[in-house]
Every structure is written in structure tokens, then in C-alpha cells.
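Sequence positions, counted from 1, serve as the residue numbers for this chain. Keep in mind that this is a model prediction, so the values were computed, not measured.
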Amino acid sequence: MFKTLRLQLRFLLPLAITLVAAAYLAVPLLDQVTLRWFARDLNSRGQLVAGTLSDNAADAISSGRYERLRATMERVAQDERLFAMGLCSPDRRWLVRTSGFPRELSCQQAETVAAQPEHRLDLAGGPVHLGVHPVIGTPVQPLVAQTPSSAASSAAQASSLFVGPLIEPRAAPSDAQPVQLGELVLVHDLSFMERRSQDTRRYLIVFLAVLGFVIAVITMVVAQLSWRGWVNGVRAILRGEGLLTPMVPAPELAPFAEEMQQRLRDLEDEYRRLQGPESEWTAERLRALLHSQLSGDQVIVVSNREPYIHEHGENGVVVRRPASGLVTAVEPVMRACSGTWIAHGSGSADREVVDAQDRVAVPPGHDDYYLRRIWLSAEEERGYYFGFANEGLWPLCHVAHVRPIFRENDWETYKAVNQRFADAVVAEARSEDPVVLVQDYHFALLPAMVREKLPQATILTFWHIPWPNPESFGICPWRKELLQGLLGSTILGFHTRFHCRNFMETVDRYLEARIEQEHSTISFQDKETLVEAYPISIEWPAPATVAGWGPVVDCRQRVFARLGLAEDTCLAVGVDRFDYTKGILERLNAVERLLEKHPEWVGRFVFVQVAAPTRSSLEEYRSFQDRIERMSQRINERFGRPGYQPVHLLAQHHEPEQVNELFRAANICVVTSLHDGMNLVSKEFVAARDDEQGVLLLSRFAGAARELTEALIVNPYHVEETADALYQAATMPSAEQRERMASLRSTVHEFNVYRWAGHMLSDAARWRLRARVEARVRRLQQSTDGIKPHSKAAHTTRDAP
Ligand code: G6P
């Protein structure tokens, strides 16, 4: 506001100075002009008077009798503006003067003044205008010339103004020519003119002042309006709303509004399509994106599993990194973005290290972000995590032929725990529009719960596991509630387009929603969600990290020594959570079949399975783990011999460094998931092999198979095919290994986890921008329609997230 005033003053001050200067110059000019007008006016008036008196004056001069003339002149001089009159003789003496005639004025002087253009003379009583008009007539002989003494007595009798010679008139000769007999001097009062001039000056000044004021007011109003317009415009641009702000709704724009919406969508689609190969995504680039496109908004991650678990060890509290693809992917993103990660505090020493707000800074020693722990009772964990999430949703979404179990109690607990985490998100939010990254099937209801409290939040939900087809999903009793909960998200991400399609078809089947396949959006209850594929990945190891690993031969030596393997052993490894979806049974079958088919490998082929215990309290998992143990035993009994054990089952937690060492020591990595959203083990193996050796054997049912096409792709249900692939891997020449591995490595390097997060966040940023522009267009549309938006408009637009 003050800025506006200052700006306006900058304009108004010169304006005021200009007006004063104009007045200063205009007033004398005006005076001069009006004076001339009056002089001309007085001259013509004088001529009129002189013309009228001319004959009388001529007669008086001819007759030498001035009484009557004087009386007439006195009457005429009573005019307001005619101040006095006099009659001069040809030899410039006063013959007659009216009573008010200025004494000091001589005939000669009067003539001189009248010769000037302004005819003005300043007397003691004020300025006068002098007009001198000749009196023409025929001269006559004076009859009697009076003596000076008699003349003096007559003058004394009459008036001191009667100054002419006393002449007795005589008849004029008949041939006499008219000559100038004298001059009538008219003295006009100029003081009224002064008064008028002053009035005019006053009027002019008042006029200029009023004019200045009016211009100032108009200027201020216009400046105010346009300043506001500009400020709004600039603000809108800064908010990314473009220059639509100052647009005045016009009815003729209505047809364009919808077209514009359409065009915006097309542009966005085009942009997304153009996002092909691009420069490398790094933590720095992700950080920069967060600051530039999302104005450094706060990032809040919600997941069930925490990235760091504090546990009591033999020598005090130890920090453990859980075996979870989710944690592997999201943790580096969080290190880059800072913020808060809300998760279930499940470690035995977790409570001992948190502050009063249940927070602890992590990673230990770096303190890049806060881990906010939520405490769950055993009952809550049973119902929400083991029950609904892992006995219900997990088998529901994975085609692993394990029946999902849905219990009413589990569902209620799932709802309640989702609400607790949602409340924690709201409590942690420092603004109305934080970026909330919701992770996985543990929190299907949370997006809508957060949206209710924080309507402006940008909620990015990532579903880390597959999404089944509508028929399979339909067996869930609370399918609608789950879908509605997820549609509270701004963006809902899956690993593959196939899972996106499954989700959209499921919504189409069970909800009243508008689906736009072309734009991959779902509009439900006036909210729109972008459903998009974002293949998750890992952090590509930095050169310094790789340097710390040590040479591959050293890793191989250490692992071989630990496991007691012969030097020429072909080592195949599997690293998984101990889960029935991972196809561990199927790969053991394949190993057995390989040894059957290729006995020459007995004694030289060893398979090591790292199986991190998980969900062991569930019957399905317990029996599966027992089965694997029995099967491993059976193979070892069948093909083992002193000093040779074909299968090593390491059913314990391994830290990432240990897993990495194993990957570097191995010849083959076996990933045979029966159904997997992505599977990051396959990518970690590739990242570990900077020597470009080693073969990846990958299930076609893992999302990673779509990206890692240079792997040996297998159907794990097909034992023969998998066994043959194992054989192909074991016998693959080094050059082929290098060719395949180099290609795999460039894929994983480029499609790293920063790219995954970067694409989601830049989509979110564009989404926010588009939502704002669309909201504006919608308002424009509504104002031109003059009615509430019809259902189509409501479906095709969204609230600004
Ligand atoms: C894997 C899945 C994730 C899931 C996690 C849960 O990483 O890919 O989708 O969230 O397992 O594991 P947990 O041990 O925490 O139950």
C-alpha cells in the first residue's frame, strides 16, 4: 500500500509542479489578453460617445458657448465606466473638462497616451484608459472677442472647468471646408478591469487546482487498480497460476474454458511422454526439485516399517536396518529431502532413544531427518499388521495361492490404527499443504483421513505390492472403503502400468467414479487422483561407497571361507524376506532339478538362501518356513557329501553390507518371486557388480522383469525351465556376462530411486499447478454460466491439493 502511494507521489509531484508553472505563465498572459480586449472595447465605446457628441462639440467650438456641451458631457460622464471627459482645442488647450477630470492631465499627454496600443495611464486614483477622438466641423468667424477681464469674471461665475476662449459665433462662409476643430478626450475608469482581471485570475487558479485534483484522483484510482492488478498478476504467476487472474469473465470465453482445460491435460500428457532418457537423478537434484517446484514444502513419510530399529544387543542398544524393499527405496529419498518419517516403533529399545515427542534423529550420526515412532499395543499390531494387512491384503494382492483371511476385528483395528497414523501426520504438519508420502497396503485408508483434515496437502501414495484384477479384489468385504480411502490421494503410484490398469478397472467395477483412461485419472466425489506407474528402484552407490567395498576377489574369498566352499564352486544366492511370495520353494526345486540333470555340477554348485525372518507369528509363514527348511535338508541329504552342502539356508537377518558382500561373491543371483511389485534384490545385485560379472535369474512375475530384460527371465512355476536357466547361468561365458551386466547396470543406474521420487514429486508439483489453473478456469466458467457447475465439470476438475 505504501509502495503504491510512493509510486503515485512520484507521478503526482511533477504533475503539481507543472500545474503551478502553467498558472504562473498563464495569468500575466491572460491579463494582457483581457486588457487588450477591454481596450478595444473601450475604444469602440469611446468612438460611439465621441460620434454622438461630435456635433455638439463642433457647435460649441463654433459658437464659443460651452455650457450646454459641458452639461451634456457631465451627464454622459455619469456612466459607471466613463470616468471623465474633456475637449481640447487644436492648439492643445482644454476648452471644456467635466468635474472629475484629472487636473494633472494635459491635452498633449492625453494625445501621447492615446497613441500607445494600451491607452493606459496610471494616475494617483488608479489606472485610466484614454481615448482621443477628433471633432470635425466648419470653422466660423467669432462675433465678438471678449476682454480677458470679462472672461475671467464669467469663468468665475460658471466653473473653473470652462477653460475655452470666449468666442461670439458668426455664420460660416458657404464655401468653408470641414476641419478638425478640436479633440474629445474620454477618460475611462480601468479599476473595474483590474477587478475583473483579479476575478479571472482567481477563477483560473481555482480551475487549475480543481483540474489538478481531478487528475490526481483519476491517477490514484487507475494506479491503484492497475497496481492491484499487477500485484495479483505477479502473485498469480509466482503461485504458478499464469496471467489468468486479471481476466474479466466474458461470456464469449466460456467455450474456450473447456478447451483450455483439455489442452492443459494434453500438454501434461505430452510432457510425461517426452520424459524419456534424461540426465542422471541424484540426491542433490531431488533436493533442488523439492525446493524449486514444491517451494521446499515439508515432507512427511508414513510407513509401517521403520527405517532404523533400536534393539537390545549383548553390548547394549544396537541399530538394525530392516530387510524391506520399502525401506531400501524410501530411506535415501528421506535423507535427501529431510522432514519426518512416521512409523511403528517395533524395536525392543525404540522407546529408550526417543525424545518427549517420540522422535529420534536418524541416520545415527548424521541426523538427516526425524523418525517419529508410533507405539502399537500387541493387540493393535495383531489386528492391523498381522491380521488385516498381512493375512488379508497381502495374499489378496499377491497371486501366491494363499487364501486371504478377513476378520471383522482386524478390519476395525486396521481402521483405528490408520486413524492414529493420520492424526500423527496432521500433528507433524507445519503447514496446510505438506507433501505426504504414504507407503503401502498398511495405510489404504489414511489418504482420505489426512485429506479430510488437510485438504491442501499433496498426498502421494505408493502401493509397493501388486494390485490384483477386479474379481480377485472383489472378495474383500471392505473393498469400497479401501478404494475410497486410496482415492483421497493426489497421486496413487504403482510399479507397473499393468497394476495401474487393474486398479482403475477395480474402481470402475465397485465405485461410482469417472475414469479417464487417456489421462490416467479418477474423479471421485469432486476429487481427482492421478493413477500412475513409477517403477521403484535403489540408490545407485556412490563411487566412494564402491571404493569401500573392497575387490570382488576379496569378498569372494571371505564368503567362501565362511561357508567352507571349494574354490571352483559356482555360487548362486537368493536374498529375501522369508515369505511365501518369493518363490523360495520353487527355486529349491530348480536347484534339485539342476543337480539331477547335470550331475557334473554336484560338488561344484552351491545355493545360498538368505531368508530374513518375517511375520513368523503367522501360521502361514511358520509352516512355509518349516517347509523350506525341510526341503533344504532333503536336497542336502540327497546331493551332499562330506565337505559339500549344496543348499545353505541362512534364516537370519543380514545387514546390507553383509548382503552386498554375498552379492559380490556370487556367480548367480536367483530371484524367483511368484508375484512381486518390483523386487529390489535384483537391482541391488546388479548395483553390487561393478566388475560386470555375475548372472541375474529373474522371475517374469516380478515387476523388475520389465526393466531388467538382460536377465535370464524365468517362470518359477516351471521347474524345468528354471533349472535350465540355472545351468545356462552357471555355464555362461564371461564375455556374455559382461555384456548383460553392463546393460543391466546402466538401466539401474539411470532408473534409480531418486528418479522414482523425482518423477512423483514433479508430477505432484505440476498437478498442484494445474489444479490451480483449472480452479481458475472453472471459476471463470461458472461466472460465465451463472449456474452451479454441472456434474461433468465437477468430475473433470479437482480441488487444489
Ligand atoms: C516388502 C514389500 C513391501 C512391504 C514390506 C513389508 O518390502 O515389497 O511392500 O511393505 O515388504 O515387510 P514387513 O517385514 O515390514 O512386513
Side-chain angles (χ1 to χ4, degrees), residues 38-114 119-140 142-143 146 148 150-169 180-196:
F38 282 124
R40 222 178 298 150
D41 184 30
L42 291 176
N43 281 343
S44 50
R45 273 169 66 97
Q47 248 152 28
L48 189 72
V49 173
T52 314
L53 291 179
S54 179
D55 286 347
N56 291 354
D59 287 351
I61 293 168
S62 302
S63 65
R65 296 179 192 283
Y66 295 100
E67 291 80 8
R68 278 184 55 204
L69 175 66
R70 191 169 59 81
T72 310
M73 283 165 70
E74 289 287 1
R75 269 200 312 278
V76 173
Q78 276 170 9
D79 180 274
E80 187 198 354
R81 291 185 201 164
L82 192 59
F83 181 63
M85 293 176 80
L87 178 64
C88 287
S89 66
D91 56 353
R92 292 184 177 77
R93 285 179 301 105
W94 291 115
L95 298 174
V96 182
R97 287 186 291 181
T98 58
S99 46
F101 202 93
R103 289 295 160 139
E104 64 273 32
L105 186 62
S106 66
C107 281
Q108 177 69 47
Q109 204 181 356
E111 258 182 45
T112 313
V113 172
H119 301 239
R120 179 190 167 108
L121 181 67
D122 286 308
L123 297 174
V128 292
H129 174 275
L130 293 180
V132 176
H133 307 275
V135 176
I136 309 295
T138 313
V140 293
L143 293 177
Q146 286 185 345
S150 62
S153 68
S154 296
Q157 277 171 13
S159 153
S160 58
L161 289 172
F162 180 56
V163 292
L166 294 174
I167 298 167
E168 280 297 315
Q180 183 173 333
L181 300 175
E183 283 174 335
L184 265 173
V185 177
L186 273 61
V187 183
H188 295 277
D189 182 12
L190 271 186
S191 62
F192 82 95
M193 238 178 68
E194 291 281 288
R195 279 196 306 278
R196 275 197 180 180

**OP:** Carefully, step by step, assess L184 and M73 under the rule side chain to side chain contact (heavy atoms under 4.5 Å, CB included).
**Re:** CA-CA 10 Å; L184 265 173; M73 283 165 70; 4.3 Å; yes

Subject >> side chain to side chain contact (heavy atoms under 4.5 Å, CB included) assessment of L82 paired with D189 >> reply: CA-CA 6 Å; L82 192 59; D189 182 12; over 6 Å; no

**OP:** List the steps and the verdict of side chain to side chain contact (heavy atoms under 4.5 Å, CB included) for F101 and V187.
**Re:** CA-CA 8 Å; F101 202 93; V187 183; 3.5 Å; yes

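The backbone N or O of M85 sits less than 3.5 Å from a side-chain atom of T98, completing a donor-acceptor pair.
Closest non-hydrogen pair, H133 versus Q47, comes out as CE1-N, 3.4 Å. Smallest separation of non-hydrogen atoms from A77 and A84: CB-CA, 4.3 Å. Closest of all the heavy-atom pairs between S99 and E74 is N-OE2, 2.8 Å. Across R103 and R97, no two heavy atoms sit closer than the pair O-NH1, 3.8 Å. Contact record, Y66 with I61: OH-CA, 3.7 Å, taken as the closest heavy-atom pair. The nearest pair of heavy atoms linking S54 to V135 is O-CG1, 3.5 Å.
Note that CZ of R68 is 8.0 Å distant from CG of D59, once rounded to the nearest 0.5 Å. Remark: L95 CG to R93 CZ distance equals 6.0 Å, nearest 0.5 Å. The CG atom of L186 sits 9.5 Å away from the CG atom of L130 when rounded to the nearest 0.5 Å. Here CG of L121 is found 6.0 Å from CG of L105. Values are rounded to the nearest 0.5 Å.
Applying the ring pair (Phe, Tyr, Trp, His ring centres under 6.0 Å) criterion to H129, with sequence neighbours excluded, gives H119, H188.
Side-chain contact between V128 and P102 is absent, with no heavy-atom pair separated by less than 4.5 Å.
Annotation: salt bridge (Lys or Arg N to Asp or Glu O under 4.0 Å) contacts involving residues 122-133, sequence neighbours excluded, comprise R120-D122.
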